[in-house]
Amino acid sequence: MIVLFNSRTREKEPFDPPDRRRVQLYVCGVTVYDDCHLGHARLLVVFDMVVRYLRYRGYGVRYVRNITDIDDKIIPRAQETGESVASLTKRMIGRFHEDQAGLGVHRPDEEPCATEYLTAMIALIETLVERGFAYPAPNGDVYYRVERFPAYGALSGRRLDELRVGSRVEVEEAKRDPLDFALWKAAKPGEPAWASPWGRGRPGWHIECSAMATTLLKTPIDIHGGGQDLEFPHHENEIAQSEAACGAPFVRCWIHNGLVQVGAEKMAKSLGNFLTIREALGRFDRETLRFWLLGSHYRSPLFFSDALLAQSRTGLERLYLALRGLGDAPNESDCEEIHPWLGRFEAAMDDDFNTPEALSVLFEMAREINRVRDRKPAAAAALGVGLRRLGGILGLLEHDPDAFLRRTGPDADTVWIEQRIEERRKARLTRNFAEADRIRDELAGHGILIEDGPEGRTLWRRDRQ
RNA sequence: GGCCAGGUGGCAGAGUGGUCAUGCAGCGGCCUGCAAAGCCGUCUACGCCGGUUCGAUCCCGACCCUGGCCUCCA
């Protein structure tokens with residue numbers, strides 16, 4: 001039985017979707033006005049892990065993650081770069097997909113763009129106006145009347161009066177209540193605009209998720225995810241919009257991933273302390289990043305530093321070193337050996353996706369492989385198969401071990417390395433250890449580590465940098 | 001100021017009312033021509049103060065500190 005921490009109740013709850021074959025999952029994605037950074041990478045990898053695990057557990061999952069392609073930030077950015085909004089967002093979506101693939105993140109089943117759902121959004125707003133939950137203002141905007149929705153604040157644990165007291169929301173003349181939020185924004189000159197019953201304009205940010213989630217998924221949605229920073233007001237507003245319009249519960253379980261931190265504060269574009277995904281992929285390989293991202297629980301803050309990423313690389317290498325040279329599992333029956341390990345891994349993951357604990361199971365499997373690899377090679381190979389299968393749920397251990405450890409790339413120095421090793425082998429045969437050590441040092445100078453195995457065989461791998 | 005979350009060994013990071021997390025780093029041993037990798041062992045961690053309990057890092061209360069949200073934000 002999987003249990004999930006539901007942000008709304010702040011408790012772990014049994015995960016019991018009404019239809020196991022069609023779990024409804026919606027995640028708030030990214031706004032495409034700039035390259036994504038490691039904070040977005042965490043969101044992408046965490047929910048990639050969630051989907052992989054649920055599918056491993058036999059659930060059918062329909063995974064929808066939106067792309068915001070019309071927004072207050074996109075418009076000025078397009079003006080800066082001197083291109084149209086459509087051109088900017090198309091370009092950024094392309095780069096986003098490259099980043100996603102670079103991280104080894106599977107594509108969701110649907111990646112709807114906001115601009116493709118104007119009709120649904122307008123219909124939703126009309127319903128809200130009809131039902132008295134929204135009102136058109138004289139300035140052409142349409143606002144949601146927060147006070148009309150009694151459950152407003154339930155998700156994030158806020159009360160309207162408290163919000164008003166501490167409110168930093170700018171007072172807009174047109175709003176009846178400072179907490180009311182825009183469903184529709186009247187077009188300003190030069191902005192992208194769509195026709196609507198309230199004149200030309202564009203949608204507010206929150207309405208797109210309500211429209212796309214209710215259009216593409218069956219409500220109540222089983223799991224709705226997003227970054228912790230979206231809990232208020234974005235998700236609160238989504239609930240208010242969706243439930244007021246449909247008159248039914250919107251989401252069963254809310255899942256929020258913690259934020260990536262740099263030093264003492266969160267990584268954010270507004271703070272300028274971010275590393276983009278593509279920059280990160282240039283410095284660390286994808287699995288090192290995933291290992292780091294999944295090495296702490298998804299709800300905890302996650303600290304970024306070069307030293308922590310180096311630790312992740314080292315840990316991952318330990319797993320690959322255990323896998324190296326194992327060969328395939330001989331047959332199915334030998335795979336029986338892995339069942340207890342599967343059980344422990346699943347117990348960890350069933351408990352609100354406890355990936356750190358799941359990783360510890362992987363490390364213990366690696367140690368067991370190292371213990372038995374000489375005495376019981378078949379058992380070691382079977383364990384290796386299990387280790388790779390479990391690693392795959394986290395998007396790890398998908399490389400060939402030697403390729404990973406050697407970082408085999410386009411560089412053609414492999415031949416040169418092999419020649420050095422052969423020379424050294426001859427030197428060792430004649431017990432010319434001074435020459436053997438000299439060659440080893442020479443290779444080390446090129447970042448190549450040598451490991452002598454039994455029967456004169458020598459393995460090599462690349463040093464971590 | 002309000003609302004949340006959290007403070008675990010050198011670092012990272014799980015977890016539990018009374019045996020071990022795990023990884024990295026360090027130290028000792030085995031293995032090795034020497035190394036590396038690996039295995040074995042080791043390094044007596046749970047912010048502070050009270051309380052409950054036979055017993056608390058784990059439960060309760062106060063305090064201190066940190067982060068997030070309260071404005072765009074994954």
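What's counted below: heavy atoms across the whole structure, side chains too, no hydrogens, waters or symmetry copies. Just so it is clear, the structure is predicted and the values come from calculations on it, not from any experiment.
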B:U71 to B:A12 separation - C1' atoms, rounded to the nearest Å
33 Å
From B:C40, B:A14, B:C69, nucleotide with atom closest to A:R371 side chain:
B:C40
Here the pair of heavy atoms bringing A:R252 nearest to A:D222 is NH1-OD1, 3.0 Å
Choose from B:G33, B:A12, B:A37 the nucleotide whose nearest atom is closest to any side-chain atom of A:L308.
B:A12
Cation-pi geometry met for A:R57 and A:F353 (6.0 Å, 45°):
no
For A:H297, which contact category applies under a 4.0 Å heavy-atom criterion: base, sugar-phosphate, or nothing?
sugar-phosphate
Selection from B:C4, B:C73, B:G33 that lies nearest to any side-chain heavy atom of A:F433:
B:G33
With a 4.0 Å cutoff (strictly under), does any side-chain N or O of A:S300 reach OP1 or OP2 of B:A14?
yes
Where does the angle between the aromatic ring planes of A:Y26 and A:H224 fall among parallel (under 30°), tilted (30 to 60°) and perpendicular (over 60°)?
tilted
Looking at A:R440 and B:A35, is any side-chain donor or acceptor paired with a base atom of the opposite kind under 3.5 Å?
yes
Within the 4.0 Å heavy-atom criterion, would you say A:V260 contacts the bases, only the backbone, or no part of the nucleic acid?
base
Is the distance between the ring centroids of A:H235 and A:H206 under 6.0 Å?
no
Give one of base, sugar-phosphate or nothing for A:G315, where a contact means two heavy atoms less than 4.0 Å apart.
sugar-phosphate
On RNA chain B, nearest-nucleotide positions of A:G295 versus A:H40: which is more 5'?
A:G295
Just jot down the ring pair (Phe, Tyr, Trp, His ring centres under 6.0 Å) partners of A:H297, sequence neighbours excluded, or say none.
none
Taken to the nearest whole Å, CZ/A:F303 to C1'/B:A5 is 12 Å
Could you tell me whether the side chain of A:K269 has a donor or acceptor atom within less than 3.5 Å of a complementary atom in the base of B:C73?
no
Donor-acceptor pair present, A:D71 side chain and B:C72 base, under 3.5 Å
no
Any donor-acceptor pair under 3.5 Å between the side chain of A:K73 and the base of B:C73?
no
Between B:A12 and A:W292, is there an OP1 or OP2 to side-chain N/O distance shorter than 4.0 Å?
no
Please measure how far the P atom in B:G13 lies from the corresponding atom in B:G47, and state the result in whole Å.
15 Å
Mind calculating the distance between CG (A:L259) and C1' (B:C72) to the nearest angstrom?
14 Å
Residues in salt bridge (Lys or Arg N to Asp or Glu O under 4.0 Å) contact with A:K426, at least two apart in sequence or another chain:
none
Heavy atoms from other residues, nucleotides or ligands near CZ of A:R431 exceed 12 (cutoff 6.0 Å)
no
Does a nitrogen or oxygen in the side chain of A:N370 sit under 4.0 Å from OP1 or OP2 of B:A37?
no
Quick one: the side chain of A:D437 and the base of B:G33, do they pair up donor-acceptor inside 3.5 Å?
yes
Given side chains that start at C-beta, do those of A:F96 and A:L44 come closer than 4.5 Å, heavy atoms only?
yes
I want to confirm an ordering. Mapping A:R299 and A:R424 to their closest nucleotides on RNA chain B, which one lands closer to the 5' end?
A:R299
Name the nucleic acid region contacted by A:G153, choosing base, sugar-phosphate or nothing; use a 4.0 angstrom heavy-atom cut-off, strictly under.
nothing
Interatomic distance where CE belongs to A:M267 and C1' belongs to B:A74 [whole Å]:
12 Å
Parallel, tilted or perpendicular: which fits the ring planes of A:Y56 and A:F345, with parallel below 30° and perpendicular above 60°?
perpendicular
Interatomic distance at C1', B:G55 relative to B:A62, whole Å:
23 Å
Has the side chain of A:Q311 got a donor or acceptor atom sitting under 3.5 Å from an opposite partner on the base of B:G23?
yes
Can you give me the closest heavy-atom contact between A:I277 and A:H37, atom names plus distance?
CG1-O, 3.4 Å
Between B:A25 and B:G9 - C1' atom distance, rounded Å
12 Å
So what does A:L449 hit on the nucleic acid, given a heavy-atom distance under 4.0 Å: a base, only sugar-phosphate, or nothing?
nothing
For B:G23, does OP1 or OP2 lie under 4.0 Å from any side-chain N or O of A:R367?
yes
A:Y298 OH to B:A14 P: how many Å, rounded?
12 Å
Rounded interatomic separation in angstrom, taking CD from A:Q228 and P from B:G68:
11 Å
Requiring both pairing distances under 3.5 angstrom, list the stems that contain RNA chain B and are made of three or more consecutive Watson-Crick or G-U pairs.
B:1-7 with B:64-70, B:10-12 with B:22-24, B:26-30 with B:38-42, B:49-51 with B:59-61
When only distance counts, do a donor and an acceptor, one from the side chain of A:R318 and one from the base of B:C24, lie under 3.5 Å apart?
no
Quick one: label A:R428 by what it contacts on the DNA or RNA (base, sugar-phosphate, nothing), any heavy atom closer than 4.0 Å.
base
Per atom distances to the A:N257 side chain, the nearest of B:A35, B:C73, B:A74 is B:A74
